[in-house]
Amino acid sequence: MTETGSSVPRRQLGRLLRQAREEAGINLEAAATALEWSRAKMYRLEAGQTSLRTHDVNLMCQLYGTSTELTEVLVSLARESKSRGWWHAYGEVIPAWFELYVGLEAAACHVRHYEPNLIPGLLQTPEYMSAVFETKPGRTPQEVAQKVALRLERQKLLTRRSPAAPQLEAIVDESVLHRPISDVDAWRAQLAYLVNAAQARNIKVRVLPRSVGPHRASVAGAFVMLDFPAKGTRPAEPSTVYSESLTGSIYLDRPNEVETYSSAWRTLWDLAMDERASEDLVGALIKETYDD
């Protein structure tokens with residue numbers, strides 16, 4: 001960590017620049033030579049270990065032939081990498097069409113998601129997704145369909161082979177399971193999908209009983225913790241905590257911040273029903289939908 005706070009925008013900038021270079025068919029040596037930088041500097045920049053000036057980002061984008069839209073994102077990330085804390089307000093700092101979180105999630109080897117209000121996104125059915133996205137006033141059916149398509153793409157990471165699919169651990173508050181969408185068949189299918197998905201080796205789902213009183217994470221709301229793998233001699237990126245609100249998203253990766261959320265997660269995991277009991281509860285709720 002540096003004194004500038006969250007390293008998330010810097011890491012994401014490096015990841016995207018490396019991807020742009022590779023898509024342009026330019027190797028690291030050639031890029032370093034063209035930009036008159038050392039190979040070591042290029043390595044540090046792409047690993048997100050150091051900040052970049054917006055001028056340098058523009059030079060790299062010109063060399064790689066990136067689109068105007070992507071260049072805008074990269075320049076914005078370069079600016080944000082120098083800020084002390086990083087709050088990403090959609091449509092203000094980074095364009096609304098660019099889903100920053102998706103890149104972090106795709107790079108993670110371990111995802112922990114606590115959700116007190118909804119079925120976790122990676123475990124949602126298309127019908128449930130639509131019901132969630134339709135809650136925003138003024139969103140058109142086309143926009144809802146685009147959101148659903150993106151989330152379905154995200155879900156593919158749970159079954160990918162290379163790199164290996166991440167481990168997903170999800171804790172769902174029991175109250176969520178008693179908050180159905182209007183389409184009974186679609187709700188039943190969502191509950192069944194939750195059970196079926198949890199049969200995979202890399203997925204664990206636990207339900208936090210409604211009987212549990214105030215706990216460590218009661219004031220936190222939903223959050224996701226992302227852990228990243230080491231690559232070769234390159235150390236793993238710092239674990240990152242992600243949390244959304246109605247107006248933006250916060251990314252935390254200072255060690256003390258991550259440890260606070262890790263402690264809350266351990267508390268929640270211990271308070272929740274184990275995987276078998278959670279599966280039995282969801283199964284009973286599915287049966288109730290038929291009885292009703």
Side-chain angles (χ1 to χ4, degrees), residues 90 96-97 99-108 110-137 139-160 165-208 210 217 220-226 241-246 249 265 268-269 272-273 275 278-286 288-289:
Y90 293 118
W97 56 265
E99 295 282 352
L100 177 74
Y101 173 77
V102 174
L104 291 173
E105 184 181 65
H110 186 195
V111 179
R112 288 170 283 176
H113 189 163
Y114 167 57
E115 184 52 75
N117 299 307
L118 297 167
I119 301 295
L122 290 177
L123 300 174
Q124 292 176 1
T125 61
E127 293 78 14
Y128 189 89
M129 294 177 201
S130 295
V132 172
F133 293 135
E134 286 168 356
T135 60
K136 182 175 180 179
R139 186 170 274 162
T140 67
Q142 182 181 10
E143 290 171 336
V144 169
Q146 290 172 342
K147 290 282 188 181
V148 169
L150 174 61
R151 185 157 290 180
L152 288 172
E153 278 296 313
R154 283 175 51 204
Q155 290 184 349
K156 292 180 180 179
L157 68 84
L158 293 175
T159 55
R160 73 187 180 196
Q167 296 291 318
L168 171 64
E169 293 177 344
I171 300 173
V172 185
D173 195 282
E174 185 183 350
S175 61
V176 174
L177 306 178
H178 295 275
R179 196 175 299 132
I181 54 178
S182 58
D183 186 329
V184 176
D185 289 336
W187 176 240
R188 186 184 300 125
Q190 172 61 81
L191 293 176
Y193 185 77
L194 192 62
V195 171
N196 293 334
Q199 306 309 306
R201 291 183 178 181
N202 61 317
I203 299 175
K204 293 181 179 180
V205 177
R206 289 192 173 188
V207 175
L208 185 68
R210 289 188 294 184
F223 64 87
V224 180
M225 299 189 67
L226 303 166
V241 177
Y242 170 81
S243 180
E244 286 186 7
S245 74
L246 288 174
S249 309
W265 175 268
L268 288 166
W269 194 253
M273 293 182 259
E275 291 89 321
S278 298
E279 181 180 330
D280 289 345
L281 173 63
V282 178
L285 292 173
I286 292 173
E288 286 181 16
T289 66

Trainee: Would you list the pairs meeting salt bridge (Lys or Arg N to Asp or Glu O under 4.0 Å) in which at least one residue belongs to residues 177-200, sequence neighbours left out?
Mentor: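 Passing the test, one end in residues 177-200: Asp185-Arg188.
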Trainee: Could you pull out all residues at least two apart from Arg139 that satisfy salt bridge (charged side-chain N to carboxylate O under 4.0 Å, His left out)?
Mentor: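 With neighbours one apart ignored, the set is empty.
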Trainee: Could you tell me which residues satisfy side-chain hydrogen bond (donor to acceptor under 3.5 Å, both in side chains) with Gln167, sequence neighbours excluded, listed by chain and number?
Mentor: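 Gln167 satisfies side-chain hydrogen bond (donor to acceptor under 3.5 Å, both in side chains) with no other residue.
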Trainee: Is the closest side-chain heavy-atom distance between Leu168 and Leu158 below 4.5 Å?
Mentor: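 Result yes, sub-4.5 Å side-chain heavy-atom pair found.
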Trainee: In sequence, state the C-alpha distance, the side-chain angles, and the governing distance for Leu285 and His178, and then conclude on side chain to side chain contact (heavy atoms under 4.5 Å, CB included).
Mentor: CA-CA 8 Å; Leu285 292 173; His178 295 275; 3.6 Å; yes
Trainee: Measure the NZ-CD distance between Lys147 and Gln142 for me, rounded to the nearest 0.5 Å.
Mentor: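 Here the rounded value is 13.0 Å.
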Trainee: Closer than 3.5 angstrom, by distance alone: can the side chain of Glu169 be matched with the main-chain N or O of Trp269 as a donor-acceptor pair?
Mentor: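 No, because the side chain of Glu169 does not come within donor-acceptor range (under 3.5 Å) of the backbone of Trp269.
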Trainee: Closest approach of Pro116 and Ser175, non-hydrogen atoms and distance?
Mentor: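 What the structure gives for the nearest pair is O-OG, 3.8 Å.
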Trainee: Indicate yes or no: at least one non-hydrogen side-chain atom of Pro166 is less than 4.5 angstrom from one of His110.
Mentor: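 Pro166 vs His110: side chains apart.
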Trainee: For Leu123 versus Ala170, what's the shortest heavy-atom pair and its separation?
Mentor: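 Smallest interatomic distance, heavy atoms only, reads CD1-CB, 4.1 Å.
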Trainee: Show, in sequence, the C-alpha distance, side-chain angles and deciding distance for Met129 and Leu152, and conclude whether the side chain to side chain contact (heavy atoms under 4.5 Å, CB included) test is met.
Mentor: CA-CA 9 Å; Met129 294 177 201; Leu152 288 172; 3.6 Å; yes
Trainee: Suppose we screen for salt bridge (charged side-chain N to carboxylate O under 4.0 Å, His left out). Which residues come up paired with Glu143, at least two apart in sequence or across chains?
Mentor: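 Here no residue qualifies.
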Trainee: Go through the structure and list residues passing side-chain hydrogen bond (donor to acceptor under 3.5 Å, both in side chains) with Glu134, not counting sequence neighbours.
Mentor: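 Listed in chain order: nothing, the list is empty.
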Trainee: If the condition is salt bridge (charged side-chain N to carboxylate O under 4.0 Å, His left out), which residues does Arg210 pass it with, not counting sequence neighbours?
Mentor: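 Salt bridge (charged side-chain N to carboxylate O under 4.0 Å, His left out) check on Arg210 returns Glu174.
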Trainee: Any pair with a residue in residues 114-129 that passes salt bridge (Lys or Arg N to Asp or Glu O under 4.0 Å), sequence neighbours left out, goes on the list, sorted by first then second residue, please.
Mentor: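 Sorted result for residues 114-129: empty, none.
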Trainee: Could you pull out all residues at least two apart from Thr125 that satisfy side-chain hydrogen bond (donor to acceptor under 3.5 Å, both in side chains)?
Mentor: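 If we apply the side-chain hydrogen bond (donor to acceptor under 3.5 Å, both in side chains) test to Thr125, skipping adjacent residues, the hits are Gln190.
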Trainee: What's the shortest heavy-atom distance between Tyr101 and Leu226, and which atoms?
Mentor: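 It is CE1-CD1, 3.7 Å.
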Trainee: CG/Leu150 to CD/Gln155 distance, rounded to the nearest 0.5 angstrom?
Mentor: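 Spacing of CG (Leu150) from CD (Gln155) equals 10.5 Å.
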Trainee: Go through the steps for Ile181 and Val132 under the test side chain to side chain contact (heavy atoms under 4.5 Å, CB included), then give the verdict.
Mentor: CA-CA 9 Å; Ile181 54 178; Val132 172; over 6 Å; no
Trainee: Short question: side chain of Ser243, backbone of Ala222 - any donor-acceptor pair under 3.5 Å?
Mentor: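 Such a contact is found between Ser243 side chain and Ala222 backbone.
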Trainee: Any pair with a residue in residues 192-203 that passes side chain to side chain donor-acceptor pair (under 3.5 Å), sequence neighbours left out, goes on the list, sorted by first then second residue, please.
Mentor: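 Listed by first then second residue: Gln199-Glu279.
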Trainee: Can you list the residues that meet the salt bridge (charged side-chain N to carboxylate O under 4.0 Å, His left out) rule with Lys156, with sequence neighbours excluded?
Mentor: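 For Lys156, the residues satisfying salt bridge (charged side-chain N to carboxylate O under 4.0 Å, His left out) (neighbours in sequence not counted) are Glu153.
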Trainee: Testing the basics here: between Leu177 and Leu281, what is the closest heavy-atom pair and its distance to 0.1 Å?
Mentor: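 Minimum heavy-atom contact is CD1-CD2, 4.3 Å.
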Trainee: Any idea which heavy atoms bring Pro120 and Val172 closest together, and the distance?
Mentor: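 Heavy atoms of Pro120 and Val172 come nearest at CD-CG2, 3.6 Å.
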Trainee: I want to check something: taking the side chain as every heavy atom from C-beta on, are Leu122 and Arg154 in contact at a cut-off of under 4.5 Å?
Mentor: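 Yes. Closest side-chain heavy atoms under 4.5 Å.
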Trainee: Residues in ring pair (Phe, Tyr, Trp, His ring centres under 6.0 Å) with Tyr114, at least two apart?
Mentor: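 Result, ring pair (Phe, Tyr, Trp, His ring centres under 6.0 Å) vs Tyr114: Phe223.
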Trainee: Grab the two heavy atoms, one from Ala272 and one from Leu208, that are nearest each other, plus how far apart they are.
Mentor: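 In this case the closest contact between Ala272 and Leu208 is N-CD1, 3.9 Å.
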Trainee: Please tell me if the side chains of Arg112 and Lys204 come closer than 4.5 Å, counting only heavy atoms from C-beta onward.
Mentor: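 Not in contact.
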Trainee: Phe133 versus Arg151: any side-chain heavy-atom pair under 4.5 Å?
Mentor: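 Yes; the side chains approach each other to less than 4.5 Å.
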Trainee: Taking C-beta and beyond as the side chain, do Met225 and Tyr242 meet within less than 4.5 Å on heavy atoms?
Mentor: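 Answer no - side chains too far apart.
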Trainee: With a 4.5 Å cut-off on side-chain heavy atoms, are Val205 and Ser278 touching?
Mentor: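 Result no, sub-4.5 Å side-chain heavy-atom pair not found.
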Trainee: Listed by chain and number, what are the side-chain hydrogen bond (donor to acceptor under 3.5 Å, both in side chains) partners of Arg160, not counting sequence neighbours?
Mentor: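 Result, side-chain hydrogen bond (donor to acceptor under 3.5 Å, both in side chains) vs Arg160: none returned.
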Trainee: Within a strict 4.5 Å, meaning less than it, do heavy atoms of the Val241 and Val224 side chains meet?
Mentor: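 Val241 does not reach Val224 side chain to side chain.
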